[in-house]
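For clarity, every value in this text was computed on a predicted model and none was experimentally measured. Protein chains get the first letters and strands the later ones, always in sequence-line order, with residue 1 at the start of each.
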Protein chains: 2
Amino acid sequence: MPAMSRGAPRSVTSRVLAILGAFSAERVTLGVSEISRHTGLPLTTAHRLVGELVRWGALERDDAGRYHVGLRLWEVGSLAPRGLGLRETALPFMEDLYEITHQNVQLAVLDGAEVVYVERISGPRAVSVITRPGSRLPLHATGVGQVLLAYADRDLQERVLSGPLRRFTGNTVTDAGELRRVLAAVRRDGVAMCDGQVETFSLSVAAPVYGPADTVVAALSVVVPAEGTDPRTIVPPVRASARGISRALGWAGHRSTHR
Amino acid sequence: MPAMSRGAPRSVTSRVLAILGAFSAERVTLGVSEISRHTGLPLTTAHRLVGELVRWGALERDDAGRYHVGLRLWEVGSLAPRGLGLRETALPFMEDLYEITHQNVQLAVLDGAEVVYVERISGPRAVSVITRPGSRLPLHATGVGQVLLAYADRDLQERVLSGPLRRFTGNTVTDAGELRRVLAAVRRDGVAMCDGQVETFSLSVAAPVYGPADTVVAALSVVVPAEGTDPRTIVPPVRASARGISRALGWAGHRSTHR
DNA sequence: GTCCGTCTTCCGTTGAATGGAAGGCCCAGT
DNA sequence: ACTGGGCCTTCCATTCAACGGAAGACGGAC
């Protein structure tokens, strides 16, 4: 389903990037011809470019002649401010939150019109979730997404509201009017409670994380089973942790209106 | 000290990679002209390539017109098997180890003739260390390095032993013969104890992590203050955690000779 | 044995990448 | 207010690196 066949990229740079983009969570290793097929590049060209990427360490080659993303690229990737930087400061708070809830704790940021999960703490007692660091989901159907959208600029909000809202389950908000009401509620309460909108058996409680400029830079959430503890009991710890991260990031601390 | 001026890369691919390589922990944001200077590329060329990288999401541009590594690249980087894959399985064990020791817990892998730190758990009570995920150090002077070298193939061992051994402190092993003895001891004990060889005030206890093929794929270590608790007391937990990670990675479990 | 899918090398052609020159912008110094 | 110097950006004629077809090598399946 992913990996739309693109119309043969022209510049060398875009070709190189297309090769990197051919790797995904589902396909962590690829052969030259697979890369060629996924990117639409001629086999010879893919072969040559892959060779250069290996020489640098962006890709690595296993004994079977298949390729995977290399350590060097991982190193460079870790320099992304919204990746590692955020992660480093958030992790301790996320661990505390995990100790309290023993459920999946997730941190996500906004990129384009999607949620990107940056970090997750999971454990044996937590419900399984489909997300992992690096995965993307649409904004309207997840707790973190609703938080990020609620505090995003008008432009993006309108763009999402006017676009199609993909349905995942019977609970997914797919009506623009209803989503508008949800977003208003998130802004009012400073928290999103999103029940079974991606997977029926789980719900998430999400709160915004502020940066120094008093803008929302990320969202923190806990995912719990749909049946069981009252989700309202985990609102305070989620809020507290989100606030802790915000402070650690240099947030001045106004907006203390929410109790 | 870093960023040696390279003699003007020729192919487009290598130029693109040179740009990515210009970013480092010390320089997470760069302007076009800085990139040009660091890579030796003509300003115009750097400008054009950076533009393409931004369009794809490999780099991002802030309001000031400076660039930093983008989320998209972080995503792809997270696919590195020895980065995220390892991390995911190791993290729970590392957390347990942290709970026991309340000291820095580090996970590292071998790349070329260097140690690359993949993950670190730190806390308020831990001594500060210079490493962070993504940083590199030579093999001979760190606990994890000595472990990785001890179990590396002969080729690499000879290469390191015959090369210059950089001195960090008065304790650093810089003599090839002595290093040989240290490595033998590591193989015998299944653990490396490395005192003050990078920084005088700390020492580390490191143990090997095995993969399914019964080869060493990583090293786990705890860094403790040089003065204080007897380092021998943390050997058992470090060994146990390293073993736990090995098992979780699919290690069959022979070599159980070490007690 | 043959077939089919894969990876790899070679090399003559060509069009994409190149980078100098020039223009715009902003700040600091005078 | 003017000037100089640092940046970033655009333009476009030249050229050299990227291209990719063809052909060979390998390896497994039937």
statement: Between A:Val186 and A:Gln146 the two heavy atoms that sit nearest each other are CG1-O, 4.4 Å
field: Atom-to-atom span, CZ of B:Arg66 to P of D:dT9 - whole angstrom
entry: 12 Å
5' precedence on DNA chain C between A:Thr13 and A:Arg61 (nearest-nucleotide basis): A:Arg61
- line: Assign each of A:Leu30 and B:Val12 the nucleotide of DNA chain C bearing its closest heavy atom; nearer the 5' end lies the nucleotide of A:Leu30
- request: Quickly work out the B:Leu49 CG to D:dT9 C1' distance and round it to whole Å.
  value: 15 Å
- prompt: Whole Å only: how far is the CG atom of A:Leu43 from the P atom of D:dC26?
  reply: 17 Å
field: Residue of the set B:Asp155, B:Leu156, B:Leu161 for which side-chain contact (heavy atoms from CB on, under 4.5 Å) holds with B:Glu158
entry: B:Leu161
query: Does a nitrogen or oxygen in the side chain of B:Arg37 sit under 4.0 Å from OP1 or OP2 of D:dG6?
result: no
field: Carboxylate-amine/guanidinium proximity below 4.0 Å for B:Arg66 and B:Glu34
entry: yes
Side-chain H-bond candidate by donor/acceptor type, A:Ser36 with A:Ser33, under 3.5 Å: no
message: Between P on D:dG20 and CZ on A:Arg48, what's the gap in Å once rounded to a whole number?
response: 8 Å
Euclidean distance, atom CD of residue A:Glu52 to atom P of D:dA18 [Å, nearest integer]: 6 Å
field: Distance, rounded to the nearest Å, where B:Tyr67 contributes OH and D:dC7 contributes C1'
entry: 12 Å
message: Whether B:His47 contacts D:dC8 is assessed here as follows: a side-chain N or O lying under 4.0 Å from the phosphate OP1 or OP2. Is that the case?
response: no
message: Does A:Ser33 reach a base, just sugar-phosphate, or nothing at all? Heavy atoms under 4.0 Å.
response: sugar-phosphate
Interface limits on DNA chain C, where chain A has a heavy atom under 4.0 Å of a nucleotide atom: C:dT6 to C:dA17
- prompt: Is the shortest side-chain N to carboxylate O distance from A:Glu75 to B:Arg136 below 4.0 Å?
  reply: yes
query: Among all residues two or more places apart in sequence or in another chain, which pass the side-chain hydrogen bond (donor to acceptor under 3.5 Å, both in side chains) test with A:Arg167?
result: A:Thr174
- line: From CD1 of B:Ile35 across to P of D:dT9 the rounded distance in Å is 11 Å
message: Please report the interatomic distance OH(A:Tyr151) to CZ(A:Arg187), rounded to the nearest 0.5 Å.
response: 8.0 Å
